[in-house]
Amino acid sequence: MQRQKVPFVPTTPGRVGMYLCGPTVYSDAHLGHAKKEVAFDVIRRAFEHFGYAVRYVANITDVGHLQNDADDGEDKIAKRAVLEQLEPMEVADKYFWSFTDDMAALNVKRPSINPRATGHIPEQIRLIEELIARGHAYESGGSVYFDVRSWPEYGKLSGRKLDDQEEGVREAVREDKRDPRDFALWKNAEAGHIMRWESPWGVGFPGWHIECSAMSLKYLGEGFDIHGGGLDLQFPHHEAEIAQAEAAGHPFARYWMHNNMLTIGGEKMSKSKGNFTTIRDLLAQHDPMVVRFLLVSSHYRSVTEFSEEAFTSARSGYRRLTEALGETERRLPTAPAGSDAALDARIAAHVLAFEDALRDDFNTPKAVAALFGLTTDVNAALGQGAVGRDTLERARAAYLGLGGGVLGLFAGSTESRQDDTEVVSALMELVLKARQNYRLQKQYAAADELRDTLAAVGVTVEDTKEGARWRR
């Protein structure tokens, strides 16, 4: 709202309350959802890394979101229900679980609370009644609208002045509104509308915006810390949320954060351009961790480019990190006791650079750069011979704590990765012994064939005075 970086001071010391606008569950999640969810997942993880207890609330819109974000037309859930010949709640559940599966694949942590709009109708009705009582909303023909003229601060988040907003641009002008810019808090359910509830104004359903004001206040309280969402929600959705809450007398979010959009081949993703891609389709082609690495490699406020070139670069960068981590873990069981003071100092410097990057508005590109700096030093040390066990443990802890714990990379259990490392190490010892036997028997062609086969799958064998060594 201030259009600048400001110090974060929590409402309650040591605790952070975050609210994120979640999906409208009427179809498979797309790449825009991936950008948003991963961005705020990292922000949440960063707060936790710095010792905060985080309550992370992300809503599920399963009613009230009409086509084209207008106050007229079909509910997105109801329209899909007719199309798929399902009950509306079947549609909501089907795509909610699909979304949940996609997020799990991308290693996005589950919210502390995942409230649904349909489960909070009483709270929404109560907030609407408060707005009517304060003179900021009015009933008309069984519907209730927010009176934007009654709230002079409307537009303070997006910077839009009310008088500059053109009539009928986002929606057709309705005769039952006092002002075409007024937005629906409650909609009268016309005959045939599937999702409907009893209310003081007749049978109807909530508008799209009211759910987030009601649910964030319920679970995070007045004046909660952070509200997040995509840049496309800044207006009208977030603007409406602020007006609804504050006009009813409830201090609302103190910090607003918006992630930027993504482009595909240099163009904004859209169904009309034919470059619309679901997360499920994307993950069928790419490793989920490479997708996540690509997302965290750009700042949450920057545009992220999805292209084959971007994925090639991300795949290479992520492989470099995983190989360094894997080699560190492989060396640990046989590493000599002790530590390397010079490398310890370098590791500590990279950890500090990573954390400083996060403190600067969650600058993940700089954080990733710190991990690459760590990798350069670790690889150099490993290439020179044995490294002390304590130092290797510090390097491993940095990879897992920062790259894994904060950026959400290296998904998979530590135990499973250690088991895999031990298996690969044992097999490689056998391969190197076989190669040495070939060399002793002067079967050099067979020894070279083993080395070349390993090289083809990314394993390098080096002959040293101490014997053969291998690395990925």
Side-chain angles (χ1 to χ4, degrees), residues 21-37 58-106 114-121 124 142-143 170-172 174 183-199 202-212 215 229-230 232-233 236-237 240 261-262 264 267-285 306:
C21 283
T24 301
V25 283
Y26 72 102
S27 64
D28 286 321
H30 54 71
L31 300 189
H33 293 117
K35 164 88 174 180
K36 177 188 67 176
E37 296 293 333
N59 73 302
I60 298 296
T61 298
D62 55 1
V63 68
H65 194 169
L66 305 186
Q67 296 294 314
N68 301 318
D69 303 345
D71 282 343
D72 272 325
E74 297 176 276
D75 184 298
K76 291 184 176 183
I77 306 290
K79 182 177 181 180
R80 176 67 67 153
V82 173
L83 182 66
E84 297 193 18
Q85 297 185 327
L86 298 172
E87 286 292 322
M89 282 296 99
E90 282 185 283
V91 170
D93 269 11
K94 172 183 176 180
Y95 291 110
F96 166 72
W97 290 114
S98 173
F99 174 80
T100 300
D101 290 344
D102 289 342
M103 293 306 105
L106 291 170
N114 223 169
R116 292 191 177 199
T118 53
H120 297 78
I121 300 298
Q124 295 175 70
S143 296
R170 291 187 63 86
E171 58 184 88
R174 292 180 56 92
F183 57 87
L185 302 172
W186 187 265
K187 289 288 296 176
N188 175 48
E190 299 173 354
H193 196 282
I194 305 172
M195 304 179 80
R196 50 208 294 138
W197 289 264
E198 294 285 347
S199 81
V203 177
F205 58 95
W208 172 33
H209 312 303
I210 193 70
E211 64 174 277
C212 287
M215 293 191 295
D232 57 326
L233 296 180
H237 185 53
M261 303 297 101
L262 56 85
I264 298 179
E267 292 188 320
K268 182 179 178 181
M269 184 186 71
S270 70
K271 290 181 179 179
S272 61
K273 291 181 178 179
N275 62 356
F276 183 86
T277 304
T278 66
I279 296 174
R280 181 157 300 184
D281 289 342
L282 182 73
L283 297 185
Q285 305 171 45
F306 274 58

**Q.** N/O donor-acceptor pair under 3.5 Å between Lys36 side chain and Cys21 backbone
**A.** yes
(Q) Below 30° counts as parallel, above 60° as perpendicular, anything between as tilted: where do the rings of Phe183 and His209 land? (A) perpendicular
Q | Distance-minimising heavy-atom pair for Lys76 and Leu66 | A | CE-O, 3.6 Å
Q: Mind checking the OH-CG spacing from Tyr95 to Leu86? Nearest 0.5 Å is all I need.
A: 8.0 Å
Q. Quick one: does Gln124's side chain have a donor or acceptor within less than 3.5 Å of a partner on His120's backbone?
A. yes
Q: Measure across His193 and Met195 and return the closest heavy-atom pair with its distance rounded to 0.1 Å.
A: ND1-O, 3.0 Å
Q. Salt bridge (Lys or Arg N to Asp or Glu O under 4.0 Å) with Glu84: which residues, sequence neighbours excluded?
A. Arg80, Lys94
(Q) Nearest 0.5 angstrom please: Lys35 NZ to Glu37 CD, how far? (A) 13.0 Å
Q: Please test Phe205 against Lys187 for side-chain contact (heavy atoms from CB on, under 4.5 Å), starting from the C-alpha separation and ending with a verdict.
A: CA-CA 5 Å; Phe205 58 95; Lys187 289 288 296 176; 3.5 Å; yes
Q.
To check you understand the geometry: which heavy-atom pair defines the closest contact between Pro115 and Met215, and what is its length?
A. CB-SD, 3.5 Å
Q: Say whether, by atom type as modelled, one donor and one acceptor occur between the side chain of Thr278 and the main chain of Ala29 under 3.5 angstrom.
A: no
Q. Are a donor atom and an acceptor atom from the side chains of Asp62 and Thr118 found within less than 3.5 Å of each other?
A. yes
Q) Considering only heavy atoms from C-beta outward, does the side chain of Pro23 approach that of Phe96 to under 4.5 Å? A) no
Q: Rounded to the nearest 0.5 Å, what's the gap from CD on Glu87 to CD1 on Ile194? Could you check?
A: 7.0 Å
Q) At what distance, to the nearest 0.5 angstrom, does NE2 of His237 lie from CH2 of Trp208? A) 5.5 Å
Q) Side chains of Thr61 and Asn59: donor-acceptor distance under 3.5 Å anywhere? A) yes
Q: Applying side-chain contact (heavy atoms from CB on, under 4.5 Å), run through Ile60 and Glu211 and close with a yes or a no.
A: CA-CA 9 Å; Ile60 298 296; Glu211 64 174 277; over 6 Å; no
Q) Do Ser199 and Trp186 have side-chain N/O donor and acceptor atoms under 3.5 Å apart? A) yes
Q. Can you tell me how far the CG atom of Asp28 sits from the CG atom of Asp281, to the nearest 0.5 Å?
A. 8.0 Å
Q. Closest approach of Arg116 and Ala92, non-hydrogen atoms and distance?
A. NH1-CB, 4.3 Å
Q.
Set out, in order, the CA-CA distance, both residues' side-chain angles and the distance that settles side-chain contact (heavy atoms from CB on, under 4.5 Å) for Asp232 and Met261, then state yes or no.
A. CA-CA 8 Å; Asp232 57 326; Met261 303 297 101; 3.8 Å; yes
Q | Val25 side chain near Val91 side chain, heavy-atom distance below 4.5 Å | A | no
Q.
On a heavy-atom basis, which atom in Asn114 and which in Ala58 lie closest, and how many Å separate them?
A. ND2-O, 2.5 Å
Q) Are there more than 12 heavy atoms of other residues, nucleotides or ligands under 6.0 Å from atom CD of Gln85? A) no
**Q.** Between CG on residue Leu262 and OG1 on residue Thr277, distance to nearest 0.5 Å
**A.** 9.0 Å
Q. Of all heavy-atom pairs between Asp75 and Gly64, which one has the smallest distance, and what is that distance?
A. OD2-N, 2.6 Å
Q: Kindly indicate, with the supporting measurements, whether the criterion side-chain contact (heavy atoms from CB on, under 4.5 Å) is fulfilled by Phe306 and Leu31.
A: CA-CA 9 Å; Phe306 274 58; Leu31 300 189; 3.6 Å; yes
